[in-house]
Amino acid sequence: MKSIYKILFLFIIVAVCGGCKKEFEENFKNPNQAETVPPNLLLNGILFDMYEAPFSGSERWNQYTAANYFYYATNNYDWTGATLDYTTLKNVVKMEEEANRLGGAVAKPYLALAKFFKAYFFVKMSLKVGDLPMTEALKGFANLTPKYDTQKDIFKQSLTWLEESNNDLTALIAAGNKELKGDIYLKNDLMAWQKVVNTFKLRTLIQLSAKVDDADLQVKQQFAAVLGNATKYPVMDSMADNLQFVYNESFNKYPNNKDNFGNDALRYNMAGTYLNTLSSYKDPRAYMVAEPARGIAEANGYAITDYRNFIGASSGEDQGVMLDKVQKGLYSLIGRSRYYSGYTAENTFIISYPELCFIKAEGINRGWATGDAESWYKKGIQASIAFYGIKDGSNVLTFLKKDGKLGEFETFNVNFTFETDYYAQPVIKYAGNTVAGLTQILTQKYLAYFRNSGFEAYYQYRRTGIPEFQVGPGTGNSQRIPKRFQYPDIERTTNGENLKQALLRQYNGTDDINLAPWIVKP
């Protein structure tokens, strides 16, 4: 009998506790706390994560500017663990989940763009390190040790996602879908996004130039397909189509602005790889981005607007020597009027029309597609020059006065005509679909990347050797430009065995920044 009572007592306890648990869970719910996240809010954060700020390490490693004061920064290429974007990709997956929860027409634009974002961030990460977890990644506790996919497979899958994204957007545009919200860049315009998707596809294909003969990737064929069918694959038509970050005076200020002029304006100067190319070309962009080196002008009796005054330092120069020359006025500083007189300076490109022009010109030069490479080469140069406000005719230049404080400027007028003053120069005029012509295209593309598009200028150098980056004691790494970043330390502690296998497959088992990843191996 006692046993029967015990069993009955336990049954009552379980039933009561079960009810208590249910009641507790219901009472614990906070009616003021959201249980779901609208996909447009997730989209907003994903878009912000695409932005890569100028005046950063990538700018120095692209050899556009150089640090002359050790306390603030160096120009070293002693690279360690890469910053990867898996947190952002988790938000992409969450955006897909939330879109599917809503379902119907509301979900479709987010799902189409999610494919683009996956391609964008996996390509971005893989370019830094090589192989990465992809097919088994982003599964949370279901798989804490995902295997590594090869770099080839990452690019192959990314190209598939881009194709699917383009097809999905085509269908949405035809259906008149207006459900996208939260777009901080393109005002929820699906046609504008379709142009971005296909422009990025061309960028991804040009990154694979060393793998043009790979039968699985079909690089040449895919490139020709995009260029040969503007209806199916619309791409950017003008600067109005740029995917870009726009600054404002109150919240998102340009990294160089009048508030930080006193802290860093003298600690950084122009790098020679970039500025010395501009000045040797008599390129008026030099006037807009840099100050004249007044010590050179005074020592030689040059007019302030003489291109010989616009000189950058070698990124490989010892910082002490560089600083001494800056203090003597022998190197150009970053342009004061454009970058320090306000808060908004210039928009920062993520993917841009000038880049597209040079990609088209390069692909045609390489024989991947038919077309007029010179026309696209010229359009790219003209679009980049126009971005700085330079036009045919009289142009006003603004430089800081000698020993002047911020705001104490002097102006000069120069006349400029693109065709006669610039393009007619033998060094600029397109040399045809030759190696020399390809070098011209790549050099101008590098100039157009200034302060834009993250590491794209470095990736071009790694892929082609153009332009020639400068090295020396100031660049560290035994005066070598590295081929890649290391994997982040967290991969060693949380996914060590899979990382070990990936390193054995790619780099003979060593996480060496001077070993080339698959994408640039012949």
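This is a predicted model, so every value here is computed, not measured.
- Looking only at distances, a side-chain donor or acceptor of T277 sits under 3.5 Å from a matching main-chain atom of T273.
- Looking at N242, its side chain never comes within 3.5 Å of a backbone N or O of Q244 through a donor-acceptor pair.
- Between the side chain of Q440 and the backbone N or O of A431 there is at least one donor-acceptor pair closer than 3.5 Å.
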Point to revise | Steps toward side-chain hydrogen bond (donor to acceptor under 3.5 Å, both in side chains) verdict (S126, Q151) | key: CA-CA 6 Å; S126 182; Q151 189 170 48; 3.1 Å; yes

Check your understanding: When you look at S209 and R463, which way does the side-chain hydrogen bond (donor to acceptor under 3.5 Å, both in side chains) test go after all the steps?
Key -> CA-CA 8 Å; S209 61; R463 177 173 65 89; 3.0 Å; yes

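- Side chain of S332 to backbone of M270: no donor-acceptor contact under 3.5 angstrom is found.
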Exercise for review: Determine, step by step, whether I311 and I296 satisfy the side-chain contact (heavy atoms from CB on, under 4.5 Å) criterion, reporting the C-alpha distance in whole Å, the side-chain angles of both residues, the deciding distance to 0.1 Å, and the verdict.
Suggested key: CA-CA 9 Å; I311 299 297; I296 293 176; 3.8 Å; yes

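- Shown here are the side-chain hydrogen bond (donor to acceptor under 3.5 Å, both in side chains) partners of Y377, two or more places apart in sequence or in another chain: there are none.
- Formation of a donor-acceptor pair under 3.5 Å by the Y331 side chain with backbone atoms of F310 is not found in this model.
- A salt bridge does not link E374 with K360: none of the charged nitrogens is closer than 4.0 Å to a carboxylate oxygen.
- Using a 3.5 Å distance cut-off with no hydrogens or angles, the side chains of Y430 and N365 do pair a donor with an acceptor.
- Counting only distance, with no hydrogens or angles, the side chain of N477 and the backbone of R480 share a donor-acceptor pair below 3.5 Å.
- For the pair Y72 (side chain) and N263 (backbone), a donor-acceptor distance under 3.5 Å is present.
- Within a 6.0 Å radius of CD in E419, other residues, nucleotides and ligands contribute more than 12 heavy atoms.
- No donor-acceptor pair closer than 3.5 Å links the side chain of N75 to the backbone N or O of G474.
- Legend: residues meeting side-chain hydrogen bond (donor to acceptor under 3.5 Å, both in side chains) with N452, ordered by chain and number and at least two apart, are absent.
- At a cut-off of 3.5 Å, with distance as the only test, a side-chain donor of N269 or N68 sits close to an acceptor on the other residue.
- Between the side chains of R308 and S279, no donor N or O sits under 3.5 Å from an acceptor N or O.
- Sparse packing is recorded around CZ of F70, with 12 or fewer heavy atoms of other residues, nucleotides or ligands lying under 6.0 Å away.
- Within a 6.0 Å radius of NZ in K391, more than 12 heavy atoms belonging to other residues, nucleotides or ligands are found.
- Of the charged side-chain nitrogens involved, at least one lies within less than 4.0 Å of a carboxylate oxygen, so that D489 and R492 count as a salt-bridged pair.
- Here K128 pairs with nothing under the side-chain hydrogen bond (donor to acceptor under 3.5 Å, both in side chains) rule; sequence neighbours left out.
- Cation-pi geometry between K253 and Y247 is not satisfied (NZ or CZ under 6.0 Å from the ring centre, within 45° of the ring normal).
- Counting heavy atoms of neighbouring residues, nucleotides and ligands inside a 6.0 Å radius, atom CD1 of I490 does not exceed 12 of them.
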Exercise for review: Begin with the C-alpha distance, continue with both residues' side-chain angles, and end with the deciding distance and a verdict on salt bridge (charged side-chain N to carboxylate O under 4.0 Å, His left out) for K187 and D189.
Suggested key: CA-CA 5 Å; K187 300 179 181 179; D189 185 338; over 6 Å; no

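- The residues K94 and E98 are annotated as salt-bridged, a charged nitrogen and a carboxylate oxygen being separated by less than 4.0 angstrom.
- Residues R484 and D511 are paired through a salt bridge, judged by an N-O separation under 4.0 Å between the basic side chain and the carboxylate.
- Note on E456 versus K445: no salt bridge recorded, every NZ/NE/NH1/NH2 to OD/OE distance being 4.0 Å or above.
- A donor-acceptor contact closer than 3.5 angstrom is absent between the side chains of N257 and Y340.
- Around atom OH of Y69, no more than 12 heavy atoms belonging to other residues, nucleotides or ligands sit under 6.0 Å away.
- No salt bridge links E346 with R451; every basic N to acidic carboxylate O contact stays at or beyond 4.0 Å.
- Distance alone, capped at 3.5 Å, is enough to place a donor-acceptor pair between the D283 side chain and the R285 backbone.
- Checked against Y274 for a ring-ring contact (aromatic ring centres under 6.0 Å, His included), the options Y461, F469, F450, Y281 give a single hit: F450.
- Under the 4.0 Å criterion applied to side-chain N and carboxylate O atoms, E355 and R203 are assigned as salt-bridge partners.
- Ionic pairing of K118 and E96 is present here: one or more N-O contacts between side-chain nitrogen and carboxylate oxygen are shorter than 4.0 angstrom.
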**Study point:** Stepwise side-chain contact (heavy atoms from CB on, under 4.5 Å) check, L400 with E291
**Key:** CA-CA 7 Å; L400 193 69; E291 294 290 317; 3.7 Å; yes

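- Of the residues listed (N188, N198, D183), the one engaging W193 in a side-chain hydrogen bond (donor to acceptor under 3.5 Å, both in side chains) is D183, and it is the only one.
- Between the side chains of E59 and Y268, no donor N or O sits under 3.5 Å from an acceptor N or O.
- A salt bridge links D85 with K124: at least one charged nitrogen is closer than 4.0 Å to a carboxylate oxygen.
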